[in-house]
Amino acid sequence: MIKIAVMGYGTIGSGVVKVIETNQESICKKTGEGIEVKYILDVRDFEGDPVQDKIVHDYNVIAQDPEVAIVVETMGGVEPACTFVKAMLLAGKSVTTSNKALVAVHGAELIAIAKEKNVNFMFEASVGGGIPIIRALNSCLTADRIEEISGIMNGTTNYMLTKMTQDGCEFEEVLKEAQDKGYAEKDPAADVEGYDACRKIAILTSLVAGQQADFEDVHTEGITKITATDIRYAAKMKRVIKLLATSRQVGDTYTVIVAPFLLPEDHPLYNVNGVFNAIFVRGNMLGDAMFYGSGAGSLPTASAVVADVVELAKHIGKHIELEWKPQKLEISDYRERTGRFFVRTRADRENIASVFGTVEYVELAEAAGENGFITLEMKEADYEKKALQLGNILQMIRFH
Ligand code: HSE
């Protein structure tokens with residue numbers, strides 16, 4: 001029996017215990033031995049729960065037990081998760097985590113410690129929940145130079161935008177519904193402001209670049225300013241608004257941005273609806289590939305965590321090379337990115353023509369007293385200058 005410990009018995013941690021119990025037999029065939037959860041670290045006691053006897057409150061109990069070979073971290077947040085994970089790696093245990101906040105900030109450092117101690121640090125569930133994107137990048141797409149990763153990496157906002165598109169309702173209304181259904185948190189900022197997707201694309205960019213992409217350098221806009229009118233304009237253009245996290249190689253670096261984008265009908269992410277996530281990857285040899293599935297939720301996320309446990313169990317005593325150096329990647333200024341922009345303004349057509357030149361107008365009967373138009377392709381920096389010159393901008397959404 002391989003003995004493991006789970007740190008954090010919340011939504012994902014309890015899912016991990018359930019996945020191991022439910023699929024013990026098939027997991028055993030893959031690892032060659034069964035997996036037993038020996039400890040669960042939590043501040044709570046879980047009296048009366050079947051796991052009550054496994055609960056410990058001091059992480060040192062796990063760190064000091066030589067029987068425990070693998071530790072799962074599903075606590076969330078940077079601290080104390082980071083302290084606990086470091087202690088486990090230094091004690092010679094392999095670790096898997098679902099914690100994107102931890103991986104985005106300390107990924108390179110934790111991989112380096114794992115290498116030094118000849119163990120492994122894995123984090124499949126930190127991006128895209130149950131979608132196996134990290135293993136795909138680290139093991140399957142290694143023959144390619146990755147030119148672009150773009151994805152819908154947040155289920156809550158995708159659910160909200162899908163609802164706004166299907167029902168024509170406003171942001172506040174759909175946010176309340178998402179909260180009532182348990183998709184959105186009481187404090188929804190991490191999702192609706194794009195912070196969650198920002199950490200996920202920073203992790204993916206670090207992996208494809210092989211060095212540290214800081215999430216603070218990623219230009220991030222959420223969906224809070226998207227209105228029912230914007231959605232109707234999008235429909236007029238036969239497009240749909242999606243919160244994308246996108247990273248594109250430009251020379252030696254990447255432009256990385258999280259923002260609402262207008263996608264055309266033929267884009268592979270166009271039909272990704274509801275709480276689903278999808279991540280589109282373009283390799284210089286592979287061409288396009290897309291990974292689609294449940295980006296959140298207890299069991300899908302736990303499935304990815306337990307898949308890491310199986311991988312870790314197969315590699316006890318052997319470090320798997322992973323290129324993510326701590327050297328900072330200088331992310332290119334998002335204003336250098338080129339694209340077309342959909343703009344809503346109170347300015348008149350004469351002024352629009354004098355500032356933006358040739359544009360394509362989008363007529364929406366109910367949007368009286370404003371003009372909606374699509375610019376030609378230009379650098380974002382040029383768009384910003386022109387928008388300032390024109391003034392009266394009500395909205396700007398990027399084309400993809
Ligand atoms: N809040 C996240 C989402 C959960 O809605 O996708 C997974 O990171």
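Quantities reported herein were computed from a predicted structural model and do not represent experimental measurements. For ligands, and for the atoms within them, numbers begin at 1 and follow the listed sequence.
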Enumerate donor-acceptor pairs with a distance under 3.5 Å from any side-chain N or O in residues 10-23 to protein atoms, sequence neighbours excluded.
unit_1, atom_1, unit_2, atom_2, d
Ser14, OG, Gly10, O, 2.7
Ser14, OG, Thr11, O, 3.2
Thr22, OG1, Lys18, O, 2.6

Using residues 103-111 as the side-chain source, report each donor-acceptor pair under 3.5 Å to any protein atom, sequence neighbours left out, with the distance given to one decimal.
unit_1, atom_1, unit_2, atom_2, d
His106, ND1, Glu109, OE1, 2.8
Glu109, OE2, Lys86, NZ, 2.7

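Classification of the Phe123-Trp324 ring pair by plane angle, with boundaries at 30° and 60°, yields perpendicular. Taking the six-membered ring for Trp and thresholds of 30 and 60 degrees, His400 and His267 have ring planes more than 60 degrees apart, a perpendicular arrangement.
Other members of the hydrophobic cluster containing Met396, listed by chain and number, are Phe341, Val343, Ile352, Val355, Phe356, Val359, Tyr361, Phe373, Met378, Tyr383, Leu390, Ile393; membership follows side-chain contacts under 4.5 Å among ILVMFWY residues, whether direct or relayed.
The 4.0 Å heavy-atom shell around ligand 1 contains residues Lys100, Asn154, Gly155, Thr156, Asp191, Asp196, Lys200, Gly295, Ala296, ordered by chain and number.
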Pair Ile257, Arg398 - check side-chain contact (heavy atoms from CB on, under 4.5 Å), show working.
CA-CA 11 Å; Ile257 180 169; Arg398 296 166 184 86; 3.7 Å; yes
